[in-house]
Protein chains: 2
Amino acid sequence: MHQSNDYFMTLPERTVERLSEYRRSLLQCLEEGKTHIFSHELANLHHNTAVQVRRDIMFIGYTSMQRKGYDVRELVDVIGEILDSEMGLNVAVIGIGNLGRAFTTYFVGKRSKLNIIATFDVDTTKIDRVISGVKCYPLNRLKEVVETHQISIAILTVPADSASEVAAQLVEAGIKGLMNFTTIPLNVPNEVFLDEYDMITSVEKVAYFVKSPRE
Amino acid sequence: MHQSNDYFMTLPERTVERLSEYRRSLLQCLEEGKTHIFSHELANLHHNTAVQVRRDIMFIGYTSMQRKGYDVRELVDVIGEILDSEMGLNVAVIGIGNLGRAFTTYFVGKRSKLNIIATFDVDTTKIDRVISGVKCYPLNRLKEVVETHQISIAILTVPADSASEVAAQLVEAGIKGLMNFTTIPLNVPNEVFLDEYDMITSVEKVAYFVKSPRE
DNA sequence: TCGAAACTGTGATTTAATTAACAATATTTC
DNA sequence: GAAATATTGTTAATTAAATCACAGTTTCGA
Ligand SMILES: NC(=O)c1ccc[n+]([C@@H]2O[C@H](COP(=O)([O-])OP(=O)(O)OC[C@H]3O[C@@H](n4cnc5c(N)ncnc54)[C@H](O)[C@@H]3O)[C@@H](O)[C@H]2O)c1
Ligand SMILES: NC(=O)c1ccc[n+]([C@@H]2O[C@H](COP(=O)([O-])OP(=O)(O)OC[C@H]3O[C@@H](n4cnc5c(N)ncnc54)[C@H](O)[C@@H]3O)[C@@H](O)[C@H]2O)c1
């Protein structure tokens with residue numbers, strides 16, 4: 001039973017994240033030949049509750065076969081309709097150092113609607129080479145390459161002290177979404193979607209809760 | 001004016017994260033010779049409001065010089081008292097592949113109360129070598145090394161298909177905090193603090209909001 | 001010396017996210 | 001085919017987080 005609204009409202013960020021995570025588990029289920037899954041099973045695979053799973057799925061307007069659970073294949077497809085763009089989106093990695101290379105290598109292996117089609121750096125030993133399977137361009141060709149290849153998303157892995165400057169260039173070049181892995185919080189115009197993740201903060205948080213366990 | 005409670009309640013996770021982020025900005029301020037900072041200045045450096053900053057600082061029981069803003073040095077120290085352990089904590093990286101190496105290289109450079117003092121792998125070409133400045137041990141010596149070096153935190157960067165198994169070994173070895181960078185959600189006993197971060201999910205979220213901007 | 005201005009600290013309020021509760025529905029069992 | 005069981009979808013209640021609103025200080029300027 002597949003029923004999806006023609007006009008989706010924008011989903012809460014956390015729901016979008018969970019849908020992405022559910023999809024990965026569901027694809028795994030498919031590989032194992034599992035065709036149906038209950039909300040509590042999906043919940044157990046992630047750290048949450050059956051109610052939360054049902055609510056997330058309700059958000060995207062999919063409904064199950066009552067009492068049989070969700071059809072895994074259909075659910076994967078519906079999540080795909082929500083998360084993916086028909087024709088895919090093009091992605092660039094900016095700063096192809098240790099983290100940029102690790103990310104690119106990992107990502108390029110995955111089948112996905114997101115294609116890393118360029119990397120950028122200022123290091124002349126990297127420019128014009130193919131690194132992690134993707135061509136590296138000089139940063140000063142950013143705008144040109146972004147336009148000709150219709151790149152809409154950038155992954156920022158440059159050193160902290162050039163992060164703000166490079167971010168401004170990305171905005172100027174017409175990037176629509178920015179994933180910032182540097183430790184510097186960025187300012188971008190409202191119409192550019194920005195997500196930031198700081199590994200060091202995460203590890204410091206773990207350390208805090210190791211030192212001060214809850215209850 | 002430095003007034004800290006003897007017994008802290010456990011802070012909300014988001015507050016702990018923000019404190020870690022504030023600290024980094026504050027250290028930067030110190031380097032630039034800035035001795036005092038207002039809540040709205042700190043807020044501007046991060047993506048939040050002056051009230052939020054004041055509330056976070058209230059949580060840790062620090063109070064400013066009225067009308068002069070917060071003393072940067074003191075605030076750094078108070079945040080340190082909250083986040084850091086007196087004698088530091090020892091950390092191990094499990095799976096010293098692309099991501100593990102990037103992380104280790106980056107982290108080892110930082111002055112911090114968290115010391116990466118061992119890495120573990122199963123690849124015999126890596127074992128017993130020093131990689132990213134840290135000695136790599138065979139995974140089967142995990143328990144022994146964790147005990148002798150009093151390692152309490154593990155960073156998990158092994159391939160997805162061995163993540164669960166290795167996590168169980170880490171728990172068994174007595175790890176108290178686990179930062180999981182694999183794409184597999186883990187189950188650990190309640191007394192082990194677990195944080196998980198999935199880069200792919202983050203990028204998929206950015207893609208979703210690029211495709212479906214808010215309002 | 002007395003406002004006015006600039007910030008902080010915090011109770012009250014609002015908003016957002018999660019969880020509980022349960023009616024509706026399909027399936028199995030006897 | 002009726003009762004028992006399992007599971008969903010959704011409304012209502014709860015909890016947690018963020019924001020508002022403002023009184024209380026300190027400083028400044030006239
Ligand atoms: N490595 C990690 O695990 C880790 C963890 C947390 C945060 N980070 C952050 O990620 C960023 C990159 O870390 P890394 O370890 O990969 O560093 P790195 O030094 O290995 O790589 C940085 C790369 O950026 C390039 N670069 C420098 N200036 C540039 C510019 N203006 N435009 C384009 N490219 C430029 C360099 O040539 C280099 O290739 C840093 O900001 C760091 O704070 C990394
Ligand atoms: N590279 C990235 O940017 C990235 C992004 C998202 C998620 N991840 C996740 O991080 C993990 C590591 O990614 P990577 O790109 O570094 O992979 P990688 O293959 O480069 O590294 C994996 C390392 O783990 C070692 N290993 C394998 N089995 C092990 C075991 N049982 N115990 C200890 N070590 C073992 C391998 O020898 C190798 O050195 C994966 O689970 C991946 O899903 C990586």
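We name chains A, B, ... by the order of the sequence lines, and we start the count at 1 in each one. Predicted model, so just to flag it, every value in this text is computed and none were measured.
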Do the side chains of [Y] and [X] get nearer than 4.5 Å, heavy atoms only?
X	Y	result
A/Val134	A/Val93	no
A/Thr35	A/Arg73	no
B/Thr157	B/Ile94	no
B/Leu114	A/Glu204	yes
B/Tyr62	B/Ile79	no

- Which residue, A/Lys68 or A/Arg55, contacts DNA chain D at a nucleotide closer to its 5' end, judged by nearest heavy atom?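 On the 5' side of the pair lies A/Lys68.
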Which whole-number value in Å describes the distance from [X] [atom1] to [N] [atom2]?
X	N	atom1	atom2	result
A/Glu13	C/dA16	CD	P	13 Å
A/His36	C/dT27	NE2	C1'	14 Å
B/Arg54	C/dA6	CZ	P	15 Å
B/Leu42	C/dC7	CG	C1'	14 Å
A/Phe59	C/dA16	CZ	P	12 Å
A/Met58	C/dA20	CE	C1'	15 Å
B/Asp56	C/dT8	CG	C1'	14 Å
A/Arg14	C/dT15	CZ	C1'	18 Å

- Task: Might you confirm whether atom NZ of A/Lys68 has over 12 heavy atoms from other residues, nucleotides or ligands at distances under 6.0 Å?
- Result: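 Open: at most 12 neighbouring heavy atoms sit under 6.0 Å from NZ of A/Lys68.
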- Task: Measure from NZ or CZ of A/Lys211 to the centre of the six-membered ring of A/Phe209, then state whether that distance is under 6.0 Å and the direction lies within 45° of the axis.
- Result: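 Because its charged atom misses either the 6.0 Å distance or the 45° angle limit, A/Lys211 does not stack over A/Phe209.
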- Taking OP1 and OP2 of C/dG9, is either one under 4.0 Å from a side-chain nitrogen or oxygen of B/Tyr70?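 Yes, such a contact exists.
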- Message: Looking at B/Ser39, I'd like to know whether one of its side-chain N or O atoms comes within less than 4.0 Å of OP1 or OP2 on C/dC7.
- Response: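 It does not, given that no N or O in the side chain of B/Ser39 lies less than 4.0 Å from OP1 or OP2 of C/dC7.
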- B/His36 and B/Tyr70 aromatic centres sub-6.0 Å: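 Between B/Tyr70 and B/His36, which both carry aromatic rings, the centre distance is not below 6.0 Å.
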- Message: With nearest nucleotide decided by heavy atoms, which residue, B/Phe38 or A/Pro12, maps closer to the 5′ end of DNA chain C?
- Response: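 Nearer the 5' end of the strand: B/Phe38.
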- Sub-4.0 Å heavy-atom contacts from residues 193-201 of chain A onto DNA chain D, ordered by number: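 Contacting residues: none.
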- Boundaries of the DNA chain D segment in contact with chain B, non-hydrogen, under 4.0 Å: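 From 5' to 3', the first and last contacting nucleotides are D/dA18 to D/dT27.
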- Message: To the nearest 0.5 Å, what is the distance between CD1 on B/Ile57 and CZ on B/Arg18?
- Response: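 So the CD1 of B/Ile57 and the CZ of B/Arg18 are separated by 11.0 Å.
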